[in-house]
Amino acid sequence: MIDVLYFAWVRERIGLPRERVETSAATVAALIEELSAREERYAAAFADLSAIRVAVDQELTDMDAPLQGVREVAFFPPMTGG
Amino acid sequence: MDIRVQQAAFALGQELERFAAGRPDTGAVVSFTGQVRDEGGTLASMEIEHYPGMTEKAISAIAAEAVARWSLTDCLVIHRYGRLAPGERIMMVATAAPHRGDAFAAAEFLMDYLKSRAPFWKKETGADGVSWVASKEEDEAALTRWDRTP
């Protein structure tokens, strides 16, 4: 089980801030494919991956990152701090 | 290093006084403050969302790199979240170093990285409705100037 978190418009499009996901996806990209196949709202949120950033266990990483042993994955748009 | 992520407002003058005080090894203190900008008088409010847990870690890592690269004697980052009105302060950074060149460079480095590597997102409510602030290409490009060691 992995905790999957969504922020900003990704959260709004999917309609929830976090969920526990039972998955055997080996990478972030595979997890996105699984989620997108679930329901249209996921597919809509992940339609343009150039607009999606990902953090694995609270560290920024990329779509090829492995998920083995991971507790938390977060998806969000490019950050706008400062 | 003092890193704070908070909803509450902060007292800029007081923070800076406290940060600068009692540092005989420090010849230079530089600070930057970000405020909610209302372009054209149409902004009602700005909502800042963040990723509790990761935010503090990400800022700490950025600050630690700044301290190491420019031999800072200290640095301070305060960043707010929640709903803010136009003109309200969003955040501040302050850097302390023996000489001003390092303090200025480190403050710019901190701002460039906080802009696009700390997990904050801004949503504006204005006359035209509600919209997420988009990241800018130049913000990403700004990071490349720090690629090589100073």
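Lettering follows sequence order; numbering is per chain, from 1.
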> Is atom CD of B:E137 surrounded by more than 12 heavy atoms (other residues, nucleotides or ligands) closer than 6.0 Å?
Replying inline: no

> Would B:I62 and B:Y81 show up in the same hydrophobic cluster when neighbours are defined by side-chain heavy atoms closer than 4.5 Å?
Replying inline: yes

>> For B:D25, is the CG atom crowded, meaning more than 12 foreign heavy atoms sit under 6.0 Å from it?
In response: yes

>> Assigning hydrophobic clusters by single linkage (Ile, Leu, Val, Met, Phe, Trp, Tyr; side-chain heavy-atom cutoff under 4.5 Å), is B:I48 placed with B:V5?
In response: yes

>> Just checking B:Q35: does its CD atom have more than 12 heavy atoms from other residues, nucleotides or ligands closer to it than 6.0 angstrom?
In response: yes

> Do you reckon A:V21 sits in the same ILVMFWY cluster as A:I32, going by side-chain contacts under 4.5 Å, direct or chained?
Replying inline: yes

>> Taking A:G81's backbone N and O only, do any of them form a donor-acceptor pair with B:K122's side chain (distance below 3.5 Å, no angle check)?
In response: yes

>> For the CG atom of A:L5 and the OH atom of B:Y51, what is their distance to the nearest 0.5 Å?
In response: 5.0 Å

> Side chain, backbone, both or neither: which part of B:A118 has a non-hydrogen atom closer than 4.5 Å to chain A?
Replying inline: backbone

> Does CZ in B:R37 sit with more than 12 non-hydrogen atoms of other residues, nucleotides or ligands closer than 6.0 Å?
Replying inline: no

> Would A:W9 and B:K123 satisfy side chain to side chain contact (heavy atoms under 4.5 Å, CB included), going step by step from the backbone distance to the final call?
Replying inline: CA-CA 9 Å; A:W9 58 255; B:K123 186 158 91 166; over 6 Å; no

> So how far is it from B:S135 OG to A:R53 CZ, rounded to the nearest 0.5 Å?
Replying inline: 6.5 Å

> Measuring heavy-atom distances to chain A, does B:A61 have an atom under 4.5 Å in its side chain, in its backbone, in both, or in neither?
Replying inline: neither

> Shortest non-hydrogen contact from B:K57 to A:Q58?
Replying inline: NZ-OE1, 2.9 Å

> Among B:R117, B:K136, B:E140, who wins on heavy-atom pairs under 4.5 Å with chain A?
Replying inline: B:R117

> Where does the angle between the aromatic ring planes of B:W121 and A:F76 fall among parallel (under 30°), tilted (30 to 60°) and perpendicular (over 60°)?
Replying inline: tilted

>> Do the side chains of A:R11 and B:E49 get close enough for a salt bridge, i.e. N-O under 4.0 angstrom?
In response: yes

>> Could you report the tightest heavy-atom contact between B:V133 and A:T80, atom names first, then the distance?
In response: O-CG2, 3.4 Å

> Does atom CZ of B:F104 have more than 12 heavy-atom neighbours from other groups under 6.0 Å away?
Replying inline: no

>> Hydrophobic cluster membership, with links at side-chain heavy-atom distances under 4.5 Å among I/L/V/M/F/W/Y: are B:I78 and B:L12 in one?
In response: yes

>> Side chains of B:M54 and A:L60, heavy atoms from C-beta outward: is any pair under 4.5 Å?
In response: yes

> If every non-hydrogen atom of A:F7 is compared with every non-hydrogen atom of B:H50, which pair is closest and at what distance?
Replying inline: CE2-O, 3.3 Å

